[in-house]
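Computed from a prediction, not measured in an experiment: that's the story for all the values here.
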Amino acid sequence: TSTVKMKVNATVEELLKRLPGVQVNQDGSITISGVRVEHLLVDGEDFFGGDPTIVTKNFNADMIAKIQFLDKKSSQTEFTGVDDGQRTKTVNLVLKEDAKKGYFVKGEAGASLQGYDNVNGMLGAFRGPRQLAVLAMTANNGTTGFSGEGAGLSIGGAGDALGASSGGGIPQVEGAGAHYADKWNGNEDHISGNGSFGFLSTRPYSSSITLQTLPDSVYTQAQSSRSANTSNQQMLNADYDYLPDSIQAFRFSIGGTKAAGNNQFVSMGSSLFNDTLVNSSQSNIRSVTGNQVFDASVMWRIRARKKKARNFSVTARMSNQSNTSSGYLYVLNNFYKPDGSLLNIDTTDQRKVISSSNRNFNGNLNYTEPLWKNTVLALRYNLNFNRGETQQSTFGRGDGKYQDLIDSLSNHYRNNVLSQTATINIQGTGKPLSYTIGGDIHRYSNLQENLQTDSILKYQYTTLNPRVDARYAINKEQGINFNYSANTQQPSITQLQPVQNNNNPLNITLGNPNLRSSISQNFGLGFNMVKPIFFNVGLNFGYTTNTISTRTYTDSLGRQISQPVNVSGSENGGLYLGMNHKFKNSGIELGGNANLSFGRGVNYVGDILSHNDNLNVGGGLSIGKYVADRYSIRLNASANYSSSVSSVNPSLSTHFWTQNHNFELSWFPIRGLEVNSIGNYSWQQNTSAFTGNNWTFFWNAYVSKNFLQNRLVVKWRINDILGQNAGIGRSISGNTTTQTTSNIVGRYWMISVSYRFIRHGRIK
């Protein structure tokens, strides 16, 4: 990173924006060659669980010696040496030695006349391998985590089985967190831990239009809703690595999360066949939710003294998760005749108690044996037992006290799953070729118990899941990757239970005890080059047999009943190209990308099997230039074409273009003074169904001045200058297209003061 010149107090996020192939989105998320970064490490440590934006927005760029981009293997693979095929796109920040000899403090406080505020602070202390960090924040300007203006260590809540939330909204958040890590005994022994707690309150309101293509019509559902939601969450996890001698190693892990929520939801909606009104509805839901998760594991490994690639290991993990939702459901539905007159009225007034639990035990025996130079034989036996239990009790108001149990809407199920897997791999780590060739033999046994009717359903099957991962390094700057994998997905217990869920009486869902697991196969091929230009191309294809999809019946009054079913014919694929180059003479950075993706989803519309084909084609260009202490400018432009066609009614296809263009300009007229402006223009083409205003220009700006040797920064910021920020989204799934609009933070201005104090050896 020493070759990249940055402004004073530049953050890691700003540094990443300057690197080829790296894109940092407005919410702080990072993508590398089109793949989202899920994990960020600091000197190899999970900093607050590896959440990327915690570090990128709070660490200074001048603390970083180098940045490593990794396809990180799972912790179990790294410990046992048996490759399970799991990879996570990861960024590792290697700190400069001087940055490991002190501490830094960062604090920020901002407020506006419109009532928005944001106060956050962070303390980070480093001494060699020892890391300590403490965070705290409160905000109501759209921030939902510990990372300033973007997302971060999310403060969430418990899931709500009654669906009593509009989603989105403008949150009021309060929270704090801590991180600690250390190594000793020659960096062999290691401990790390993270903890956080937070409170979130929000009052979202939203509207949506959903179009379903049917054989002889279009079924349109329009809904507007609002809700009031509060939630709190506490989280704690820790890892300990212990090496008693040169041949043995232990790893102990423990973690847990506890969350609770309180929700109130009100909605109004209507449904039409083509242009004919068939029903309207009003809903009111109140719920209280809770969620608890506990997880613990232990790993032990012993290695041969002479052949270090020969090792034997044992791992064991236990976890327990429980969820509860209880509350009241009131729905009033009106149904209409074709001439618009009222046909009948249906009322649902019930109390519901829904609970689920999941207990899991997972154990592994692992062995690796060297075969020849840089090549090992890896063997694993896995035993996994999972017990899931769900119970739903629905009470009518017959006695005025919601105590009449409704048997048809109540259930109690238990699902016991025992699976055994044998893994055989040949793993090579030499140059120029590294590879893993092998796969799994999987034996699966399922026992479903209906505890309410005392009935049992059993089934078993065996699958073979091969896997190939290979990389050929042409030279230090170029390489080719190939991967193939087959995976099995089991149905969830909520999909298996046949009792209907009537949380929305117009959209009833049923389980299906006859579901079978799906098997997907995926292929990937890629080429990457870092010099003389950064270039990356990737090709992928996958298909699934026995896909768990849905069958949906829609009656003449617009009432729908959906049930999961197995289908075949699902497939997907894509092509991605990206390039980036910096011209040394002019300092201009030029980048571009192109992508194509397609997918076929299969579902039943009534008794008709529907093949739903989706196509997306797009690309973008970027150009930028940075002159230290004078100015920086970056322009991005992209366009995408989406097409969706359903075989049940090909004449009612959906096609539209979207565009997204943004700029970022920083000007430093005098030392310590920055004028910054960011704009984003987005546009969605009108369709026959979505004819409203589909473009927005979101424009932000700030002026900041450094004081006290750049430690103190005073910033005046304007958010959404033109007042056009809009929470509009459009999605396509199967034969259904949906457009939603929700309330988000609009125009305001804020004055903030931030202070950063750093004390360590001089940064070189």
Side-chain angles (χ1 to χ4, degrees), residues 156-167 225 227-233 257-267 281 283-294 319-331 347-360 386-399 401-417 448-455 491-513 515 550 560-564:
D160 186 0
L162 273 73
S165 174
S166 299
S225 60
S227 61
N229 315 109
T230 60
S231 62
N232 63 79
Q233 177 177 287
T257 302
K258 184 177 181 180
N262 196 307
N263 307 298
Q264 297 185 39
F265 174 83
V266 177
S267 71
S281 65
S283 301
N284 193 320
I285 306 175
R286 291 175 290 155
S287 69
V288 177
T289 64
N291 171 263
Q292 295 186 48
V293 178
F294 174 77
S319 64
N320 183 72
Q321 180 174 351
S322 61
N323 297 276
T324 59
S325 296
S326 61
Y328 297 88
L329 171 69
Y330 178 84
V331 181
T347 302
T348 300
D349 190 358
Q350 298 168 350
R351 177 171 68 92
K352 287 180 175 288
V353 180
I354 303 173
S355 64
S356 65
S357 64
N358 190 287
R359 297 187 180 101
N360 180 267
N386 190 85
R387 167 170 285 189
E389 190 167 332
T390 64
Q391 185 170 8
Q392 175 176 290
S393 300
T394 302
F395 301 90
R397 199 179 181 181
D399 58 358
K401 297 181 181 179
Y402 297 100
Q403 293 182 348
D404 294 343
L405 183 68
I406 303 174
D407 291 336
S408 63
L409 297 174
S410 302
N411 68 78
H412 190 183
Y413 274 85
R414 182 182 294 151
N415 198 40
N416 298 311
V417 179
Q448 301 171 36
E449 299 178 80
N450 187 335
L451 302 179
Q452 190 162 295
T453 63
D454 195 25
S455 60
S492 68
I493 187 171
T494 55
Q495 292 174 320
L496 292 167
Q497 59 186 29
V499 174
Q500 68 181 19
N501 182 332
N502 73 327
N503 291 346
N504 182 348
L506 292 177
N507 294 275
I508 303 294
T509 57
L510 297 175
N512 183 356
L515 282 178
T550 58
Q560 294 191 316
I561 298 178
S562 298
Q563 184 180 39

*Give a yes or no on whether R414 atom CZ has more than 12 heavy-atom contacts from other residues, nucleotides or ligands under 6.0 Å away.*
yes
Output the distance between atom [atom1] ([X]) and atom [atom2] ([Y]), rounded to the nearest 0.5 Å.
| X | Y | atom1 | atom2 | result |
| --- | --- | --- | --- | --- |
| N415 | E389 | CG | CD | 10.5 Å |
| N512 | S562 | CG | OG | 12.5 Å |
| L405 | F395 | CG | CZ | 5.5 Å |
| S325 | I354 | OG | CD1 | 6.0 Å |
| Q495 | T550 | CD | OG1 | 10.5 Å |
| Q560 | I508 | CD | CD1 | 10.5 Å |

What closest approach, in Å, do [X] and [Y] show between heavy atoms, and which atom pair accounts for it?
| X | Y | value |
| --- | --- | --- |
| L515 | P564 | CD2-O, 3.6 Å |
| N450 | Y413 | ND2-OH, 3.0 Å |
| T394 | K352 | OG1-NZ, 3.1 Å |
| S225 | S267 | CB-CB, 3.6 Å |

*Examine distances only and state if a side-chain atom of Q392 and a backbone atom of L409 form a donor-acceptor pair shorter than 3.5 Å.*
yes
*Would you say the side-chain atoms of Q321 pair up with the backbone N or O of S357, donor to acceptor, closer than 3.5 Å?*
no
*Residue pair Y402 / D349, side-chain donor-acceptor N/O under 3.5 Å*: yes
*Side-chain contact, heavy-atom cut-off 4.5 Å: V266 with Q264?*
no
*Let me know which of N262, N263, N229 forms a side-chain contact (heavy atoms from CB on, under 4.5 Å) with T289.*
N263
